[in-house]
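Structure first, then comments.
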Amino acid sequence: MSSFMKSLRESHGGTQEQIAKIMGVSRPTYIAIESGKQPLNVIQAQKLARHYHMKVADLIEERMTPQAQVTLEEGSDDTEGEQPSVRISVPQKRVEKFKEVLLYILEEIGARPNVGKAVLCKLLYFIDFDYYEKYEEQLMGAVYIKNHYGPTPPEFPTIVKEMEKNKDIKTVSVEFHDLPQRKYIPLRNADLSLLNAREKDLIDKNIERFKNFTARQMETYSHKDVPWITAEDQKPIDYESVFYRTPEFSQRNYDEV
C-alpha cells in the first residue's frame, strides 16, 4: 500500500499535510499509513477515495482508474465512438474551440475560489450536452467519460499542457476549504470569433447557472443527469441520450409542435 498511496498523492499534487487534513488525522499518522506501517480504516479509506475520485474498493485493492490515451491531431472530426480505454484522437479544429471556450470561462469566473479543475470539467460537459440537445449540433464536441465522480473530458489534461506550453494559461495549486485545488489563470483573452452568437449565449447561461457551485455540488448534480446515469463506467457518455433527459435538465420543450 505504501508505494500506491505515495503515487496517488504525488499524481494529484498534494502534500502529506494536506492529505492528512482530508483524512482527519495528524501528519505523523498519515506518514505511518503512507509508509505501510499503519493500516487504513474504513472511514479514512472513504475520505481518501472521495478526494482521489475513486471507488473505495479500488483504493483498498490498489487499482488505478484507467487513463485515456489522448492524441491531438490535424484531421477530420470523424472520431465519435472511440473508446477512452484505447485512444481518443482529437482533431485540431475541435481542440482550438475547446481552448477558446475554456479561456472564456476562466476570464469570466476562473478567479472565483470554488472554480477549479473539477468544476470546469463538469461545466464543459453541460455546455456541450446542453448545446447538442438544444440545437442537435456539436459545440466543442468533446468526449466525456463516466467516472465515479461525474463526467470528465479525458483530453482536458493534454489540452491544458499544450496551453501551458503556448503560454495561454498558467496552472496553480491553492487550497479551498482546506483541500488542495488546481486552478488555471488565463494569460490571454479568448478568441470569441470562433464562437457564434448562440454558442456564446448558451455558454454565458451555463456560466451564470453554475458559477457558485462547488466541486461536490457539481458532482452531485451531474449524477442526476440521464446521459451520466445511462452510461457505463469508464465509457464515453452518449450525446444522443440528452433527448431522454428529465425536465430538470432538458433544454427543450418537447411538447411544442
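Note that these values count all heavy atoms, side chains included, but never hydrogens, waters or copies made by symmetry.
- Under the 4.0 Å criterion applied to side-chain N and carboxylate O atoms, Glu133 and Arg245 are assigned as salt-bridge partners.
- When atom types are taken as modelled, the side chain of Arg182 and the backbone of Thr171 share no donor-acceptor pair closer than 3.5 angstrom.
- Proximity of Leu192 to Leu195: side-chain heavy atoms (C-beta onward) are separated by under 4.5 Å at one or more points.
- Thr230 and Ser241 make their closest contact through OG1-CB, 3.9 Å (heavy atoms, listed as atom of the first residue, atom of the second, distance).
- In terms of modelled atom types and a separation under 3.5 Å, the side chain of Glu199 and the main chain of Asn196 share a donor-acceptor contact.
- Remark: Arg198 CZ is packed, more than 12 non-hydrogen atoms of other residues, nucleotides or ligands lying under 6.0 Å away.
- A donor-acceptor pair shorter than 3.5 Å cannot be found between the side chains of Ser173 and Gln181.
- Under the 4.5 Å side-chain heavy-atom criterion for Ile, Leu, Val, Met, Phe, Trp and Tyr, Leu194 and Val95 are members of distinct hydrophobic clusters.
- Judged by distance alone, with hydrogens and angles left aside, the side-chain atoms of Asn147 form no donor-acceptor pair with the main-chain N or O of Tyr149 at under 3.5 Å.
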Would you list the atom pairs, donor with acceptor, under 3.5 Å between side chains in residues 102-118 and any protein atom, with sequence neighbours excluded?
unit_1	atom_1	unit_2	atom_2	d
Tyr104	OH	Lys200	NZ	3.2
Tyr104	OH	Asp204	OD1	2.5
Glu107	OE2	Ala190	N	2.5
Arg112	NH1	Asn212	OD1	2.9
Asn114	ND2	Lys211	O	2.9
Asn114	ND2	Phe213	O	2.7

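- Taking CG of Asn41 as the start and CD of Gln46 as the end, the distance is 9.0 Å to the nearest 0.5 Å.
- The ring pair (Phe, Tyr, Trp, His ring centres under 6.0 Å) test applied to Tyr125 returns Phe129, Tyr144, not counting sequence neighbours.
- Side-chain atoms of Asn166 come within 3.5 Å of backbone atoms of Glu162 as a donor-acceptor pair (strictly under, hydrogens ignored).
- The pair Arg252-Glu136 meets the salt-bridge criterion, with a side-chain N (NZ, NE, NH1 or NH2) lying under 4.0 Å from an Asp/Glu carboxylate O.
- In this structure, Tyr184 has its ring center closer than 6.0 angstrom to the ring center of Phe156.
- Ion pairing of Glu100 with Lys97 is absent here, as no side-chain N (NZ or NE/NH1/NH2) approaches a carboxylate O to less than 4.0 Å.
- Taking a 6.0 Å sphere around CD of Glu17, one finds it holds 12 or fewer heavy atoms contributed by other residues, nucleotides or ligands.
- Shown here are the ring pair (Phe, Tyr, Trp, His ring centres under 6.0 Å) partners of Phe98, two or more places apart in sequence or in another chain: there are none.
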- Message: Could you go through Lys205 and Glu208, starting from their C-alpha distance and side-chain angles, then the distance that decides it, and tell me whether this counts as side chain to side chain contact (heavy atoms under 4.5 Å, CB included)?
- Response: CA-CA 5 Å; Lys205 287 178 179 177; Glu208 182 63 27; 5.8 Å; no

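- More than 12 heavy atoms of other residues, nucleotides or ligands lie within 6.0 Å of NZ in Lys224, so this atom counts as buried by the packing criterion.
- In this structure the side chain of Arg94 reaches within 4.5 angstrom of the side chain of Glu155, judged on heavy atoms.
- A donor-acceptor distance shorter than 3.5 angstrom exists from the side chain of Gln251 to the backbone of Phe249, with no hydrogens or angles considered.
- Side chains of Tyr132 and Glu240: a donor on one and an acceptor on the other come within 3.5 Å.
- Counting only N and O atoms by type, the side chains of Thr29 and Gln38 include no donor and acceptor under 3.5 Å apart.
- Neither side chain, Asp128 nor Gln138, offers a donor N or O lying under 3.5 Å from an acceptor on the other.
- Under the 4.0 Å criterion applied to side-chain N and carboxylate O atoms, Glu232 and Lys146 are not assigned as salt-bridge partners.
- Checked by atom type and distance alone, the side chain of Ser250 never pairs as donor or acceptor with a backbone atom of Thr246 at under 3.5 Å.
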- Item | Worked check of salt bridge (Lys or Arg N to Asp or Glu O under 4.0 Å) between Glu164 and Lys170 | CA-CA 6 Å; Glu164 288 177 320; Lys170 178 181 179 181; over 6 Å; no

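- Residues Cys121 and Pro151 fail the side-chain proximity criterion, which asks for heavy atoms closer than 4.5 Å.
- Side-chain atoms of Tyr221 and Gln217 include no donor-acceptor pair closer than 3.5 Å.
- Of all the heavy atoms in Pro39 and Gln44, the pair that sits closest is O-OE1, 4.0 Å.
- Taken together through direct or relayed side-chain contacts under 4.5 Å among Ile, Leu, Val, Met, Phe, Trp and Tyr, Leu187 and Leu120 form parts of separate hydrophobic clusters.
- A 4.5 Å side-chain heavy-atom check between Glu96 and Asp191 finds every atom pair outside the cut-off.
- Side-chain atoms of Asp225 and Phe126, non-hydrogen and from C-beta on, do get closer than 4.5 Å to each other.
- One hydrophobic cluster, built from ILVMFWY side chains closer than 4.5 Å, cannot hold both Ile169 and Val174; they sit in different ones.
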